Amino acid sequence: QKEVEQDPGPLSVPEGAIVSLNCTYSNSAFQYFMWYRQYSRKGPELLMYTYSSGNKEDGRFTAQVDKSSKYISLFIRDSQPSDSATYLCAMKAGGSEKLVFGKGTKLTVNP
Amino acid sequence: GAVVSQHPSWVICKSGTSVKIECRSLDFQATTMFWYRQFPKQSLMLMATSNEGSKATYEQGVEKDKFLINHASLTLSTLTVTSAHPEDSSFYICSAREASTDTQYFGPGTRLTVL
């Protein structure tokens with residue numbers, strides 16, 4: 001079993017839809033959780049950084065962490081064509097500098 | 001926000017030559033930088049962790065003599081692909097850790113093509 005599992009998609013939604021992206025993990029030592037957005041042929045851009053279980057909201061984006069289920073989510077409200085990208089979840093254990101990434105989910109928002 | 005640059009953004013070289021890629025943190029000091037490799041439609045694979053003033057720590061399976069890493073200052077790390085071969089063609093991405101927020105910020109990546 002891989003440490004981090006993420007459905008690669010692709011996921012295609014109409015503009016304005018609510019998008020739900022998810023990752024599961026197996027390593028209970030993971031304490032820090034991130035979502036990155038990567039446009040084609042570009043480096044990843046940090047969207048959300050969370051530590052504890054619960055929700056964190058930033059504009060149209062909401063990150064959710066459920067440590068008991070080892071499950072994290074990213075919700076995008078009122079999705080826009082500019083949100084079309086690959087979304088990578090990443091996580092790391094306390095005291096570690098190494099990020100472990102999911103495979104990424106390719107999202108397309110159609111106008 | 002924290003900005004990380006990479007240079008060059010793309011490079012084409014002949015088999016057997018060496019290529020150097022620079023990674024700079026532009027508005028913060030980074031004691032730790034990371035080098036990743038990404039194949040098409042794949043996730044990022046960590047190659048090595050680079051700490052300023054000390055030797056890099058390589059991940060299992062990464063040849064340290066082939067991928068030379070130097071982190072000479074708090075804002076600059078370099079990756080040199082020595083004696084490059086076509087199988088080294090890939091997208092190389094660096095990141096820099098901003099200590100106060102414990103966050104990794106990524107560069108835009110360098111696409112290497114070895115002919």
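Chain naming here is simple, since letters A, B, ... match the order of the sequence lines and numbering starts at 1 in each. None of the values given here were measured: they were computed from a predicted structure.
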**Complete:** Highest number of heavy-atom pairs under 4.5 Å with chain A among B/Pro108, B/Gly107, B/Gly109, B/Pro40 belongs to B/Pro108
**Prompt:** Any side-chain donor paired with an acceptor under 3.5 Å for B/Glu98 and B/Ser100?
**Reply:** yes
**Asked** Salt bridge or not for A/Glu57 and A/Arg77, using N-O below 4.0 Å?
**Response** yes
**Note, B/Ser25 side chain near B/Tyr105 side chain (heavy atom, < 4.5 Å)** = no
**Message:** Out of A/Tyr32, A/Tyr39, A/Tyr36, return the one with the most heavy atom pairs under 4.5 angstrom to chain B.
**Reply:** A/Tyr36
**Prompt:** B/Thr103 versus chain A, heavy atoms under 4.5 Å apart: side chain, backbone, both or neither?
**Reply:** both
**Side-chain donor or acceptor of A/Arg60 paired with backbone N/O of A/Ile76 under 3.5 Å** = no
**Prompt:** Of the backbone (N, CA, C, O) and the side chain (C-beta and beyond), which part of A/Leu99 lies under 4.5 Å from a heavy atom of chain B, both, or neither?
**Reply:** both
**Asked** Is the cationic atom of A/Lys67 (NZ for Lys, CZ for Arg) positioned less than 6.0 Å from the six-membered ring centroid of A/Tyr51 and within 45 degrees of its normal?
**Response** yes
**Prompt:** If you count heavy-atom pairs under 4.5 Å between each of A/Gln6, A/Met34, A/Gln38 and chain B, which one has the most?
**Reply:** A/Gln38
**Request:** Consider only side-chain N and O atoms of A/Asp66 and A/Ser53, and report whether a donor and an acceptor are under 3.5 Å apart.
**Result:** no
**Parallel, tilted or perpendicular, as decided by the 30° and 60° cut-offs, for the rings of A/Phe101 and B/Phe106** = perpendicular
**Request:** Under 4.5 Å, counting heavy-atom pairs only, tell me which of A/Lys98, A/Glu45, A/Lys106 racks up the most with chain B.
**Result:** A/Lys98
**Request:** Go through the atoms of B/Gln38 and report whether side chain, backbone, both or neither lie under 4.5 Å from a heavy atom of chain A.
**Result:** side chain
**Message:** Let's test your reading of the structure: which of B/Arg111, B/Gln42, B/Gln104 forms the most heavy-atom pairs below 4.5 Å with chain A?
**Reply:** B/Gln104
**Item:** Winner by heavy-atom pair count (cut-off under 4.5 Å) against chain B, out of A/Pro8, A/Pro44, A/Gly102
**Value:** A/Pro44
**Request:** Return the option, out of B/Val4, B/Thr32, B/Ile93, with the maximum number of heavy-atom pairs under 4.5 Å with chain A.
**Result:** B/Thr32
